[in-house]
Structure formats: C-alpha cells, structure tokens
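Predicted model, so just to flag it, every value in this text is computed and none were measured.
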Number of protein chains: 2
Amino acid sequence: MEPTDTEKRILKAAMLVFERDGFLGARMQVIADEAGISKASLHYYFRTKEKLFDRIFDDYTASIIPLLSTWEDGTDDWQPKVKHFVKELMRVFSESSLLFMAQELHRDPKKLEPRMAKRRTGPNPFLTYYESLRAKGLVRDTDPRPLLVAMQSLCAYPSMNPKMLAGSLRMNAKEYDAFITSYADDAADLLVRMMQK
Amino acid sequence: MEPTDTEKRILKAAMLVFERDGFLGARMQVIADEAGISKASLHYYFRTKEKLFDRIFDDYTASIIPLLSTWEDGTDDWQPKVKHFVKELMRVFSESSLLFMAQELHRDPKKLEPRMAKRRTGPNPFLTYYESLRAKGLVRDTDPRPLLVAMQSLCAYPSMNPKMLAGSLRMNAKEYDAFITSYADDAADLLVRMMQK
DNA sequence: AAACATCTTGACCAGATGGTCAAACCAAAT
DNA sequence: ATTTGGTTTGACCATCTGGTCAAGATGTTT
C-alpha cells in the first residue's frame, strides 16, 4: 500500500511535534492541526497515539541504523572513506531526530531497545574494517572501539545539542550553522589524526 | 534560607521525573509520590510546575556551566590539564541531565537560552588558553574552535546516548558502563593527539 | 494552655486529552 | 440516479491534570 498524500502530511506533522515535545508531551490535536486535518481524521489513519509514534520511531531507526554500516567495500584507501562517511553522517544527523531517539530510548528503553537491535546484524562494520587495516599495518595499532565512539560523538553531538555548543562558542544560531558546515571537514581531519600511525 | 529536608526530597524526585519524562510529560502527582508527600504539599513548596522546573533547570546550569570554564590557571603544562578536565567533565555528565537540558533547550529555546547565557561571562576560557599556548608554539597551529567542539562531543555524547552507542558496540548496559570508565582515558589521549604539534 | 506560625492533606474544580461514533461527504461504478 | 466504498468531521465521553482551599496536624512561644 502506497502512503497517500494525507498520510504523508500526517507523518511529517507527527515528526515535527514528536521531535519537539516527545511522546508524552505531543498532543494529537496539535499534530492534526499541523497536518491540516481534524483530530478524528488523524485517528482514522492511526488508531492510537502509540501506533503513530511507533511508525515515526521505526522510520527513524530504518533511516539511521543502516547508515552506521557503510564500511562494507574493503578498499585500503581509508582516509577518503572517513571523510565521506563523516559528511554523510553529519548530513543525516543535521535533520535532527537523534535527540528525539535518545530521549525516547531513555524514557522507555524496555520497549524501544529491542526495536533498534532488530535492525543490526553481525558485528559492527567499522570495527571489522579497522581491524583489517590494522592487521595490514595501515593504521595506528589501537583498540578501534574508542575510535568508533569518537566518530559517532564528533558527528552526532554538534547537531544534538547545538544551543549549548553555540553558547560555548559565543555564537548566535546563524553563525553556528555556518561554523558547523565547515566543521564537517575539521571533524574528518581530526578523525584521520586519531587513526594515523 | 536553607533548603529543608522535604524540599531536598522534592528536588531529587523532580530531577528524576523531569529528566525521564521532560517538562511536558512530567506529572506533579508522580513527583509527589516519588518524594513521598501529597500533591498538595508539593504545590505548597513550589506553587506551579513551571517554578519547580525552573529551579531544577537553573540548578543544572549552575552546576554545568562553571565546569566548562576550568582552564583559568595558566600553566603551560597542558596535557595533564586536558586529562583532568576530560575526567571531570565525563564524571559530571555521567549523572545524566545533559540529555534533559538539550531536549528542553530544543523545545523552548526562547525562554531557556537567555538563562544559560546569563551564566557565561567573557570569552570561552579554553579558547583563550589554547591561543596562548599556540602563540608560544606549544600546540598545533590550528583554529581551536573545532577542538572545543570535539572535546565537548567526546565527553558528552557517550553519556547522552548510551543506548545507541552500546548497540553499535554490541554491548549490554553492564559491559558499556565498564567500557565507558576506561574510555575517559582514551578520550583524553585522543584529544591530546588532536592538539599536539 | 492558649495563641501563633508553619506544614500537610483529602476533597474538589475547570480545562485538557486520547479516543469513539454516527452522520455527512465525495468520487467512481452500476 | 443510485449504490457503494473510502474518507472526513463535529459532537461527545471517561479520564487525567495542574492547581486551589478549608480544615486539620505539628511544633514553638508566651
């Protein structure tokens, strides 16, 4: 079944509201208003708030989790890969949603954690890729797990907590946006530095 | 006026509930239950939900913002300072609250941003400290702002989004906790690598 | 013990909230 | 024109929510 136009408008509105107000704070009436339909219509498409939330959350996991695994093809020329990956990651994260997912995972881990786990298969591709480079002596001889954490941190945090970072940098929203654009390159360089021999 | 015992219990309970459910999702009855008093008593101490929230939020800013400025004393021996700072930062962040602050700043920036700004005075101490080291040729000759972002990212993200990171590392909560303890040293080392000539 | 100030609470209220439903609407098929 | 199927909605409901208040408890001063 293709999603109808109305359904798409609902999903877009629901993303906006859930992201800003969280599952508990989101109001069905507000989502309906944002989508330009009545609350009864909203309930016609998604019988309950929870079903609508589940759809949004699962769409996010479906779009983010696979991204975290784009290290499959095994060229040894790793530096361009890092740069490309960092850019991709930051682009996706900049459309928010990570803060939302973290918050909801924190609020109801029992329900939401298994749902994310379902999307992951096998060991983490970055870790295995790094180990293969390490065996060939092409990168620094170190445990790649802190590097994985660092990579996700550098890419995710600036878009998750922009207000606080902008404050530390004494920037307004506009200056911060411009800064973050160029930051993608800096982050990639820093990561290369972490991995280099 | 010293905070009474009951007031302390209220604040502790409110932190727990606000952190988990957010301002919109938090329920005064739940906070009262958690504090072991009646809802009416809760309203006796804090007339409205908003006043209670403001108190919690301001307490957090008061405890976090000053921490971001512990680069005052100007020894040129910067490496131990980085290590010490990273440990301090991660210790404070590990008691959660950052996710909460980011979420609330995202939900109502107009109200909350000025409140954080009030705590900050002058330029960022890390940036000026790095510039002084840079002028003496003791560190890498580079714009320190991406380094500041990297530092906060490395320290903040692992405690803000533990579930997703643990998933990437294919760890359960217990393994992740153990990993993060040792990660503090790794993060400090990575930061030193970023700053070294 | 009486007067006083400070806490504590059950009962209550007005407004909001998720969800339901019968009636109306509308386009395509007959 | 009428039927048929999916879609839309105003009105409605039970329950929940932040907040109030009068009455009582508790402790301190005189």
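Around NZ of A:Lys87, the count of heavy atoms belonging to other residues, nucleotides or ligands within 6.0 Å does not exceed 12. For B:Lys111, the NZ atom is densely surrounded, since the number of other residues' heavy atoms within 6.0 Å is greater than 12. Within a 6.0 Å radius of CZ in B:Arg47, other residues, nucleotides and ligands contribute 12 heavy atoms or fewer.
Ring-plane geometry between A:Phe23 and A:Phe18 is classed as parallel, the angle between the planes falling under 30 degrees on a 0 to 90 degree scale with a further cut at 60.
Spacing between atom NZ of B:Lys8 and atom C1' of C:dC7 amounts to 17 Å, rounded to whole angstrom units. When rounded to the nearest whole Å, the span between CD of A:Glu7 and C1' of D:dG6 equals 14 Å. Distance, A:Tyr45 OH to C:dG19 P: 18 Å, rounded to whole Å.
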Where along nucleotides 9-22 of chain D does protein come under 4.0 Å, by heavy atom, of base (B) or sugar-phosphate alone (S), with - for untouched nucleotides?
BB------SBBBB-
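The list of salt bridge (charged side-chain N to carboxylate O under 4.0 Å, His left out) pairs with a residue in residues 147-160 of chain B, not counting sequence neighbours, is empty.
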